[in-house]
Amino acid sequence: MTTIVGDWRRKVIVTDSQYSDTDTNTKYFDEKCSSIPGGWFAGAGHFGDCEKVLQYLRTNRKTPPKLKNNDNEFMILTDEGIEVSNDGVEWEPVRNFMAIGSGAMAAEVCMRMGLSAEEAVKWACDVDAKSHEPIKTYNL
């Protein structure tokens, strides 16, 4: 899946770059964060579902999209803060930091130990088979 960390104190989202396609047993590397009006969006889970939520946020539609899978997690960063959601696309505010994706637990531990979001994602890449460098940082 991925490792994504949002740190509201620094107003950043940090991601790994590996995409894993379990259907074809392949992986590739690309950006995992996209601009939305007023901030950034990142998603962990099914690529098609992440794209649906991204388009929903970019076009200000009233009805959330119907998603195929139930193992997605999403994060947005705006001037108001960080918000996270899952398949219901119901956003909950985060007041400090949050990690999502398959490397989330490792990254959360690192953040609680006082490491930066970049260091947390780097450590998660070392222990999570579905996360890999290069690490990308997105600022407001």
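Just so we're clear, the structure is a prediction, and the values are computed from it rather than from any experiment.
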Is the backbone N or O of Lys66 less than 3.5 Å from a side-chain atom of Lys52, with the two atoms forming a donor-acceptor pair by type? yes
Minimum heavy-atom distance between Cys50 and Gly45, given as atom pair plus value: SG-N, 4.4 Å
Same apolar cluster (I L V M F W Y, side chains within < 4.5 Å links), Val5/Ile135: yes
Given Lys32, which of Thr3, Asp16, Thr15 fulfils the side-chain hydrogen bond (donor to acceptor under 3.5 Å, both in side chains) condition? Asp16
Let me confirm one number: the NE2-CG distance from His132 to Asp126, rounded to the nearest 0.5 Å. 9.0 Å
d(Ser17 OG, Tyr28 OH) to nearest 0.5 Å is 11.5 Å
Answer yes if Ile4 and Val94 sit in the same cluster of Ile, Leu, Val, Met, Phe, Trp and Tyr residues linked by side chain heavy atoms under 4.5 Å apart, and no otherwise. yes
Using a cut-off of 6.0 Å, state whether more than 12 heavy atoms not belonging to Arg112 lie near its atom CZ. no
Which pairs, with at least one residue in residues 127-140 and sequence neighbours excluded, count as a salt bridge (charged side-chain N to carboxylate O under 4.0 Å, His left out)? Glu31-Lys136, Lys122-Glu133
Measure the acute angle between the ring planes of Phe41 and Trp91, then classify it against the limits of 30° and 60° as parallel, tilted or perpendicular. perpendicular
Pick from Thr78, Ile76, Leu140: which one makes a side chain to side chain contact (heavy atoms under 4.5 Å, CB included) with Trp40? Leu140
Is any side-chain heavy atom of Trp8 closer than 4.5 Å to a side-chain heavy atom of Arg95? no
Counting only N and O atoms by type, is there a donor-acceptor contact under 3.5 Å from the side chain of Asn72 to the main-chain atoms of His46? yes
Using 0.5 Å steps for rounding, measure from the CD atom of Gln18 to the CG atom of Asp21. 11.5 Å
Honestly curious: do Met75 and Val12 fall in one hydrophobic cluster under the side-chain, below-4.5 Å linking rule? no
Roughly how far, to the nearest 0.5 Å, is CG of Asp49 from CG of Leu54? 12.5 Å
Can you name the closest pair of heavy atoms from Ala44 and Thr2 and give their distance? CB-CG2, 3.1 Å
Can you tell me how far apart NZ (Lys62) and CG (Asn60) are? Round to the nearest 0.5 Å. 7.5 Å
From Leu77 atom CG to Cys33 atom SG, the distance as rounded to the nearest 0.5 Å: 8.0 Å
Mind checking whether Ile13 and Phe74 sit in one hydrophobic cluster, side chains of I, L, V, M, F, W, Y counted as touching below 4.5 Å? no
If you look at every heavy atom in Ser131 and Gly103, which pair is closest and at what distance? OG-N, 4.4 Å
Give the cluster check for Val84 versus Tyr138: same hydrophobic cluster or not, with ILVMFWY residues linked at side-chain heavy-atom distances below 4.5 Å. yes
From CA spacing to verdict: side chain to side chain donor-acceptor pair (under 3.5 Å), Glu83, Ser85: CA-CA 7 Å; Glu83 294 181 67; Ser85 178; over 6 Å; no
So do Arg9 and Asp7 actually touch side chain to side chain, heavy atoms under 4.5 Å? yes
Counting only heavy atoms from other residues, nucleotides and ligands, does the tally under 6.0 Å from CG of Asn139 exceed 12? yes
What are the two closest non-hydrogen atoms of Cys110 and Trp123, and how far apart are they? SG-CB, 3.5 Å
Less than 4.5 Å apart, side chain to side chain, heavy atoms only: is that true for Arg10 and Glu118? yes
Looking at every heavy atom in both Arg61 and Tyr56, which two are closest together, and how far apart are they? O-CE1, 3.2 Å
Within-4.5 Å side-chain heavy-atom neighbours: Thr137 and Val121: no
